[in-house]
Amino acid sequence: EAGVVQSPRYKIIEKKQPVAFWCNPISGHNTLYWYRQNLGQGPELLIRYENEEAVDDSQLPKDRFSAERLKGVDSTLKIQPAELGDSAVYLCASSLDYTKTQYFGPGTRLLVL
Amino acid sequence: GNSVTQMEGPVTLSEEAFLTINCTYTATGYPSLFWYVQYPGEGLQLLLKATKADDKGSNKGFEATYRKETTSFHLEKGSVQVSDSAVYFCALSVTGNQFYFGTGTSLTVIP
């Protein structure tokens, strides 16, 4: 069974530029999560989707971050414009539903210069 | 509130040494507890979990027991290998909602 797929794996951009990350969850998983992991820290939830619906986006900085999960499968997380402090690893995870084990992708490592 | 505190690293051990990584938690309600492992360049992988008090999770020689009286979920392994070198995260989840992760403990095992 294929795991959670994320792309790109690495991204380097200049501040004020836009950037987007893509996630393909495990087939059949209804719940999708985006996390941000700062250096030396544990992951922090940005947004959780149940199918197409964003059910928990309280930690998403909505002035510059946006996310979508069209058709309840793939998801895209966007930052516009990026700031220096956005440098981090962005992790996507999925689970059958919100009560089940989360499976993580390899992450996208973002560096904002 | 909900939070996890785990021992700071980095931890360096010789092969076949005994490993303990401490984890304590605070939670509203009755949490499930998890240990995740992150190998270099990879995403987090579930290592083991326990869903109620006195449960013991185990996998790949690692064990952790859910201790409600001490609000702890310490990770142990009797004999570590070089391949165990990774970052270990303790986490909790209350009623399947948001996960709360610790800051991670880096383990390096030297031959």
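Just the heavy atoms: all of them, side chains too, but no hydrogens, waters or symmetry mates, feed the values below. Note on naming: letters A, B, ... go to the chains in the order of the sequence lines (proteins, then strands), and numbering restarts at 1 for each one.
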Chain B interface, residue from A/Gly105, A/Ser95, A/Pro106, A/Cys92 that has the most non-hydrogen pairs under 4.5 Å:
A/Pro106
Tell me, side chain or backbone of B/Gln38 under 4.5 Å from chain A's heavy atoms, or both, or neither?
side chain
What part of B/Leu44 gets within 4.5 angstrom of chain A, counting heavy atoms only: side chain, backbone, both, or neither?
both
Is chain B contacted by the side chain of A/Arg109, its backbone, both, or neither, given a heavy-atom distance below 4.5 Å?
neither
Would you mind checking which part of A/Gln37 comes under 4.5 Å of any heavy atom in chain B, side chain (CB onward), backbone (N, CA, C, O), both or neither?
side chain
Can the ring centroids of B/Tyr36 and A/Phe104 be said to lie less than 6.0 angstrom from one another?
yes
Using a 6.0 Å cut-off, check whether atom [atom1] of [X] has over 12 heavy atoms from anything other than its own residue.
X: B/Glu69; atom1: CD; answer: yes
X: A/Lys62; atom1: NZ; answer: yes
X: B/Glu16; atom1: CD; answer: no
X: A/Leu39; atom1: CG; answer: no
X: A/Tyr103; atom1: OH; answer: no

Give the C-alpha distance, both sets of side-chain angles, the deciding distance and a yes or no for side-chain contact (heavy atoms from CB on, under 4.5 Å) between A/Tyr35 and B/Phe99.
CA-CA 10 Å; A/Tyr35 289 87; B/Phe99 270 55; 3.7 Å; yes
Is B/Ile21 reachable from B/Leu92 through a run of I, L, V, M, F, W or Y residues, each pair having side-chain heavy atoms under 4.5 Å apart?
yes
Please find the pair of heavy atoms, one from A/Gly42 and one from B/Phe101, that lie closest to each other, and give the distance.
CA-CB, 4.2 Å
